[in-house]
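Here is the structure we will look at.
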Amino acid sequence: MTDAKPNALTAAIQNKRLRAWLSIQVESERYQPPRYGIVLLQVLVGILFFVLVTRLWYLQVHSGGEFARQAQENRLRLERIDAPRGRILDMKGKVLADNRTTYGLSLIREDCADIPATLARIAEWAGVPLNQVTESYNQNRLRVKPFEPLLMITDIPFDKVARIESERNSWPGVEVKVRSKRSYPEKEFFAHVLGYVAEVNDRELARDPSLAMGDMVGKLGLEMELESRLRGQKGQYSLEVDAHGRTLWKTLKKEPQSGEEVRLSLDIALQRAGWNALGEEAGCIVVMEPDSGKLRALITSPAYDNNLFTSGISQKDWDLLRNNKRYPLQNRVIQSPYPPGSVWKLIMASLFLERGVSPRESVYCPGEIKLGNQIFRCWKRGGHGSVNLESALVNSCDVYFYLMAERQGIDRIERFAKACGFGSPTGIDLPHEASGLVPSREWKWRRLGRPWVRGETYNVSIGQGTLLVTPIQMAVFVSALLNGGDILKPQLVDDAVPETKARVPAKPETLKFVVNAMRKTAAQGTARVVSRPDADMGGKTGTAQVVKLKLAAGDRRLRTSEMEYSQRDHAWIATWGTKNDKTYVVVVMVEHGGGGSSVAGPIAAKMYDHLFGARRETPKPAEPEPAAPQPGDRPD
């Protein structure tokens with residue numbers, strides 16, 4: 001009994017398991033998987049197939065040309081050929097700006113296995129600090145593609161090139177580039193006219209897509225203004241290289257076209273004569289043809305050697321130029337406005353005649369005139385006595401112009417002066433030209449918040465006070481007096497067509513009167529230093545006060561030699577001369593030079609000696625014409 005029970009229990013369990021297994025088998029045979037799973041699987045396979053086909057089409061068909069081009073570029077490369085910059089010549093064909101061959105070092109990153117070691121080697125070859133080379137590389141490497149040359153060194157002496165070439169095969173990616181470098185044989189004689197070229201910067205690269213890193217462009221002077229004419233068009237080489245970047249063959253694809261050769265109206269011999277005439281003085285000279293507007297000389301002294309900038313000026317040289325108290329970087333002809341002194345009386349005389357002042361009307365000059373408790377002196381102690389407009393110009397009488405200017409008022413003076421071209425640029429083809437300043441009631445109120453006073457009108461009438469003009473503006477006005485009233489654009493390029501920008505608002509009789517007064521001033525007045533028997537000459541001197549008049553013991557004005565340099569007067573002379581049917585305008589301004597007749601006059605006379613030939617005798621300067629004092633202002 002005992003054994004029978006376990007056997008029965010075991011059999012029951014086994015029967016139960018058998019029935020369960022049979023039930024599972026029956027259910028398994030009846031099971032059907034869901035249809036959505038098959039559909040999902042088919043969709044996934046279809047999407048994968050579509051993506052593969054689409055990607056294959058994109059790579060092989062749509063972008064096949066681009067990838068083929070990139071593959072070709074790994075084998076074929078384009079190398080630019082810099083175009084020679086156009087030369088600049090003087091009026092007789094003598095070279096003022098030329099090109100010379102130099103050598104540089106470039107790096108193709110894609111071909112360089114060890115860039116840090118290569119940069120160290122380049123620094124050693126060029127004799128440049130490694131940190132400087134590394135900094136240049138980091139700044140410029142993203143500006144060019146990996147397979148394009150990255151210019152590292154711009155100017156290597158020829159004696160180092162042979163050594164570099166002998167070692168270059170051991171340094172893949174390094175190339176010696178033959179370059180053209182600007183050269184200025186006349187150096188400081190034409191520095192302010194020509195300017196200089198230097199390597200293109202980021203702003204210029206963004207503005208002009210035809211430029212590339214390492215290109216040289218004009219930065220100042222005519223090099224900048226005539227950039228489109230001087231630059232030329234680059235050429236191209238097609239190169240095939242192997243896997244190591246070695247050139248297999250080289251084919252000229254496009255020839256470079258050199259820039260245009262430009263001939264200036266300037267005369268190199270006259271420019272040198274003016275430079276020598278100025279000597280150690282700080283100043284400038286303008287020589288202009290009044291009928292065409294062509295400039296025959298444009299001299300600023302002191303100047304600088306523009307060759308310093310073509311390879312990148314050193315910090316030492318830059319500091320020497322920038323900290324020089326005589327400002328050699330300043331183009332005094334166009335960038336430095338000065339009070340014109342008595343030269344301004346030419347404009348005032350023209351205004352008086354146009355406003356109905358009779359040239360025969362006389363006023364008495366006692367040597368000074370009182371305005372309230374202030375005294376406005378004439379430059380001549382004791383005065384000129386009775387003077388009319390002509391004698392006031394010839395002898396530069398200040399009192400006459402005080403009184404006549406008071407009749408007109410500052411508003412008429414301002415309008416007439418601006419109509420004559422003052423207070424605005426002349427348009428000369430040089431950058432950064434100053435406009436000068438013709439003051440007015442509105443200007444003073446806006447600038448200083450104070451009303452205009454009568455004493456300021458007195459000062460403006462003799463070219464003092466806040467009035468400022470540039471030497472080129474004065475040359476243009478004197479030219480207009482001679483050519484019938486045309487205010488011409490000063491031209492530096494010899495083939496430039498005369499361009500009239502405006503006209504002096506004066507009748508021909510007015511212009512002739514002023515020209516004749518200048519003729520008498522040169523014959524017997526304050527400008528007789530330029531007179532000569534073989535030519536028709538005219539002139540007007542000016543001594544422009546820089547600071548308020550200082551007196552020595554008693555009532556004697558300090559001499560120039562007794563004053564500090566920065567407080568000395570500016571010396572002016574504006575002249576014209578005609579000989580053998582050739583007429584020239586010569587304007588000289590000597591900064592802190594002293595008297596116009598005694599300092600600027602002899603310099604102008606030397607310019608005419610070069611233009612017309614040497615004189616047999618040298619006329620003595622007229623009595624010095626010191627600037628009239630500028631006393632305190634008094635209300636109208």
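When all heavy atoms are compared, the tightest approach of Pro471 to Cys284 is CG-SG, 3.4 Å. Listed here is the closest heavy atom pair of Trp275 and Thr300: CZ3-O, 3.3 Å. Residues Cys420 and Val504 share a closest heavy-atom pair of SG-CG1, 3.8 Å. Taking each heavy atom of Thr426 and Lys501 in turn, the nearest pair found is O-CD, 3.0 Å. Closest heavy-atom contact between Gln473 and Gly436: NE2-N, 4.4 Å. Counting all heavy atoms, side chain and backbone alike, Val493 lies closest to Leu226 at CG2-CD1, 4.1 Å.
With salt bridges taken as basic N to acidic carboxylate O contacts below 4.0 Å, none links Arg326 and Glu591. Ion pairing between a basic and an acidic side chain is recognised when a charged N comes within 4.0 Å of a carboxylate O; Arg263 and Asp90 show no such pairing. Ion pair Asp494/Arg296 flagged as a salt bridge, since at least one NZ, NE, NH1 or NH2 atom sits closer than 4.0 Å to an Asp/Glu carboxylate oxygen. A salt bridge is defined here as a Lys NZ or Arg NE, NH1 or NH2 lying under 4.0 Å from an Asp or Glu carboxylate O, and Lys94 with Glu186 fails to meet this definition. A salt bridge links Arg322 with Asp319: at least one charged nitrogen is closer than 4.0 Å to a carboxylate oxygen.
No donor-acceptor pair closer than 3.5 Å links the side chain of Gln257 to the backbone N or O of Ala83. When atom types are taken as modelled, the side chain of His570 and the backbone of His592 share a donor-acceptor pair closer than 3.5 angstrom. A donor-acceptor pair under 3.5 Å is formed between the side chain of Arg85 and the backbone N or O of Glu223. Looking only at distances, a side-chain donor or acceptor of His192 sits under 3.5 Å from a matching main-chain atom of Gln330. Within the 3.5 Å criterion, the main-chain N or O of Asn307 finds a donor-acceptor partner in the side chain of Asp305. Counting only distance, with no hydrogens or angles, the side chain of Gln271 and the backbone of Leu298 share a donor-acceptor pair below 3.5 Å.
Ring geometry for Trp572 versus Tyr338: interplanar angle over 60°, hence perpendicular rather than tilted (30 to 60°). Classification of the Trp344-Phe422 ring pair by plane angle, with boundaries at 30° and 60°, yields perpendicular.
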*Please step through side-chain contact (heavy atoms from CB on, under 4.5 Å) for the pair Met224 and Lys219, ending with a clear verdict.*
CA-CA 5 Å; Met224 176 179 174; Lys219 297 287 187 176; 5.9 Å; no
*Does the pair Ile299 and Met607 meet the rule for a side-chain contact (heavy atoms from CB on, under 4.5 Å), with working shown?*
CA-CA 12 Å; Ile299 305 153; Met607 299 303 290; 4.2 Å; yes
*Take Asn324 and Leu320 through the test side-chain contact (heavy atoms from CB on, under 4.5 Å) and record every step on the way to the result.*
CA-CA 6 Å; Asn324 191 322; Leu320 287 174; over 6 Å; no
*Just do the side-chain contact (heavy atoms from CB on, under 4.5 Å) check on Thr575 and Tyr608 with the steps written out, would you?*
CA-CA 10 Å; Thr575 68; Tyr608 285 112; 2.7 Å; yes
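Looking at Ser479 and Leu488, their side chains never come closer than 4.5 Å, going by heavy atoms from C-beta outward. No side-chain heavy atom of Val469 sits less than 4.5 Å from a side-chain heavy atom of Val343. Contact of the Tyr103 side chain with the Lys160 side chain is not registered, since no non-hydrogen atoms from C-beta on lie closer than 4.5 Å. Considering only heavy atoms from C-beta on, Gln335 stays 4.5 Å or farther from Tyr327 through its side chain. Side-chain atoms of Asp208 and Glu227, non-hydrogen and from C-beta on, never get closer than 4.5 Å to each other. The shortest distance between side-chain heavy atoms of Leu105 and Val176 falls below 4.5 Å. Within the 4.5 Å cutoff, the side chain of Pro339 has heavy atoms near those of the Leu468 side chain. For the pair Asp429 and Lys489, the minimum side-chain heavy-atom distance is below 4.5 Å.
Each of Thr310, Asn99, Asn306 was compared with Arg182 under the side chain to side chain donor-acceptor pair (under 3.5 Å) criterion, and only Asn99 meets it. Exactly one of Thr583, Val476, Leu481, Val478 qualifies for a side-chain contact (heavy atoms from CB on, under 4.5 Å) with Pro290. That residue is Thr583.
Going from atom CG of Leu96 over to atom CG of Leu264 covers 6.0 Å, rounded to the nearest 0.5 Å. Between Ser106 atom OG and Ile122 atom CD1 the span is 8.0 Å, to the nearest 0.5 Å. Rounded to the nearest 0.5 angstrom, Leu430 CG and Leu295 CG are separated by 8.5 Å. Of the inter-residue distances, the one linking Leu119 atom CG with Tyr137 atom OH reads 6.5 Å to the nearest 0.5 angstrom. Distance CD/Glu289 to NZ/Lys582: 4.0 Å, rounded to 0.5 Å. Interatomic distance, CG of Leu492 versus CD of Glu225, reported as 10.0 Å (0.5 Å rounding).
Using a 3.5 Å distance cut-off with no hydrogens or angles, the side chains of Ser183 and Asp98 do not pair a donor with an acceptor. Arg231 and Ser210 share a donor-acceptor pair across their side chains, judged by distance under 3.5 Å alone. Using modelled atom types, one finds no donor on one side chain facing an acceptor on the other under 3.5 Å when comparing Gln491 with Ser265.
Legend: residues meeting side-chain hydrogen bond (donor to acceptor under 3.5 Å, both in side chains) with Tyr584, ordered by chain and number and at least two apart, are absent.
Residue-environment remark: CZ (Arg229) exceeds the threshold of 12 foreign heavy atoms within 6.0 Å. Residue Glu255 places its CD atom among 12 or fewer non-hydrogen atoms of other residues, nucleotides or ligands, all under 6.0 Å distant.
For Tyr184 and Tyr196, the distance between ring centers is not under 6.0 angstrom.
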